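Order of the sequence lines fixes the chain letters, A, B, ..., with proteins taken first and strands second; residue numbering starts at 1 for each chain. As the structure is a prediction and not an experimental result, all values here were calculated from the model.
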Number of protein chains: 2
Amino acid sequence: MSKVSARTYSRYSLEAISLLGNLIRTARKERKMTVQEVADRAGISRGLLQRIEKGDPKCELGATFEVATIVGIKLFDAEATTLTKHIRQTEDKLALLPKSVRKKVKVADDDF
Amino acid sequence: MSKVSARTYSRYSLEAISLLGNLIRTARKERKMTVQEVADRAGISRGLLQRIEKGDPKCELGATFEVATIVGIKLFDAEATTLTKHIRQTEDKLALLPKSVRKKVKVADDDF
DNA sequence: TTTATATGAGCTATACATGGATCATAATGC
DNA sequence: GCATTATGATCCATGTATAGCTCATATAAA
């Protein structure tokens, strides 16, 4: 019992992941694709795809997004072109913010 | 050089992940939270959060969603309650689909 | 300016997700 | 009905993401 990390997740995160998995599974079946087929296209194993569809938080982010893309789920309801533009806009917005966030040395507890 | 798998990702997936990272960073700074602070709340290391914000596909799905939730990004533009309902709806929809997808034995190559 | 701190980058050891196999069950199509 | 195949659930070996440091730089506040 050297390490009992056991990462925790908020309810919202788990549900969002679970929903994403369900969406993937639904989309896959609607497109009449087998688990094996999607796994092959995504370049992942069958077992991993099953975990993704099951809503396992301990999966690779890239693999999950790749699968979602393959079955036709747009994570941001935007085409690739729009996405690029969106990224640029976010970067611009980011440029306006301070490079580093500095905490007030000690004013009061504001963690409520 | 026993294995040079080097998983590949579609352009869209990479951009979506990159966008998510930028959104997280922007949201974090807008909320005036430091990398360390968010990392602590998410129960992850500072380095991992940096990779997430950088758009590294090789991150844990759960950690990424958790961070997004902490900085106030709703992946599905829905509250937790609505999310649960949405999950249920998806499950219902799933129940109407065939349990397993069966490929036509051998008609023609339809992989175009 | 000076000082303190946030950020970025690189490194290593280790826990753990992944791939690949097997087996059992379920379910589709004939 | 039967035969075929998709799915689900294990298990194990191994590649690898992760945590936790260190150092260097940049940046915000005094």
Interatomic distance where NZ belongs to B:Lys58 and P belongs to D:dG15 [whole Å]:
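Distance, rounded to whole Å: 14 Å.
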Could you check whether any side-chain N or O of A:Arg31 sits under 3.5 Å from a backbone N or O of A:Val71, counting only pairs where one atom can act as donor and the other as acceptor?
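Yes, the answer is positive, given that a donor and an acceptor are paired below the 3.5 Å cut-off.
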Quickly work out the B:Gln50 CD to D:dT25 C1' distance and round it to whole Å.
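It works out to 13 Å between those atoms.
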For A:Asp56 and for B:Val35, locate the closest nucleotide of DNA chain C by heavy-atom distance; then report the residue assigned to the nucleotide nearer the 5' terminus.
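Between the two, 5'-proximity favours B:Val35.
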Side-chain donor or acceptor of B:Arg51 under 3.5 Å from a matching atom on the base of D:dT18?
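Counting by modelled atom types and ignoring angles, no donor-acceptor contact under 3.5 Å is found here.
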DNA chain C: B:Glu60 or B:Lys54, which has the more 5' nearest nucleotide?
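The 5'-side residue here is B:Lys54.
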Both A:Leu97 and B:Gly43 contact DNA chain D. Which one's nearest nucleotide lies toward the 5' end?
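Its nucleotide being nearer the 5' end, the pick is B:Gly43.
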Atom-pair distance (CZ on A:Arg25; P on D:dA6), nearest Å:
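Result: 15 Å.
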Could you walk me through whether B:Thr69 and A:Ser13 satisfy the side chain to side chain donor-acceptor pair (under 3.5 Å) test, starting with their C-alpha distance in whole Å, then the side-chain angles of each, then the deciding distance to 0.1 Å, before giving a yes or no?
CA-CA 7 Å; B:Thr69 303; A:Ser13 296; 3.1 Å; yes
Return yes when atom NZ of B:Lys85 has more than 12 non-hydrogen atoms of other residues, nucleotides or ligands closer than 6.0 Å, and no otherwise.
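Atom NZ in B:Lys85 is not packed in, count stays at 12 or less.
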What integer distance in Å separates B:Gln36:CD from C:dA9:P?
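In whole Å, C:dA9 P and B:Gln36 CD are 17 Å from each other.
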Measure CZ/B:Arg102 against P/D:dT4 and give the value in whole Å, please.
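Checked: the CZ to P distance equals 11 Å.
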Within the 4.0 Å heavy-atom criterion, would you say A:Ser45 contacts the bases, only the backbone, or no part of the nucleic acid?
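Answer is base: heavy atoms of A:Ser45 come under 4.0 Å of a base.
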Value in whole Å for how far the C1' atom of D:dA17 lies from CZ of B:Arg7:
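To the nearest whole Å, that distance equals 12 Å.
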Toward the 5' end of DNA chain D, by each residue's nearest nucleotide, B:Leu48 or B:Lys99
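Result: B:Lys99.
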Select base, sugar-phosphate, or nothing to describe what B:Lys29 touches, counting heavy atoms under 4.0 Å on all strands.
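Answer is nothing: B:Lys29 stays at 4.0 Å or more from every strand.
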Could you tell me how far apart B:Leu49 (CG) and C:dA6 (C1') are, to the nearest whole angstrom?
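Computing the B:Leu49:CG to C:dA6:C1' distance gives 13 Å.
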Less than 4.5 Å apart, side chain to side chain, heavy atoms only: is that true for B:Leu20 and A:Phe65?
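Yes, close enough: below the 4.5 Å cut-off.
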Any N or O donor-acceptor pair linking the side chain of B:Arg46 to the base of C:dG8 at under 3.5 Å?
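Side chain to base: pair found, below 3.5 Å.
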Which whole-number value in Å describes the distance from A:Arg28 CZ to D:dG8 C1'?
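So the two atoms are 12 Å apart, to the nearest Å.
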Near A:Lys54 NZ, under 6.0 Å, is it more than 12 heavy atoms from other residues, nucleotides or ligands?
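Counting neighbours around NZ of A:Lys54, 12 or fewer heavy atoms of other residues, nucleotides or ligands fall under 6.0 Å, so no.
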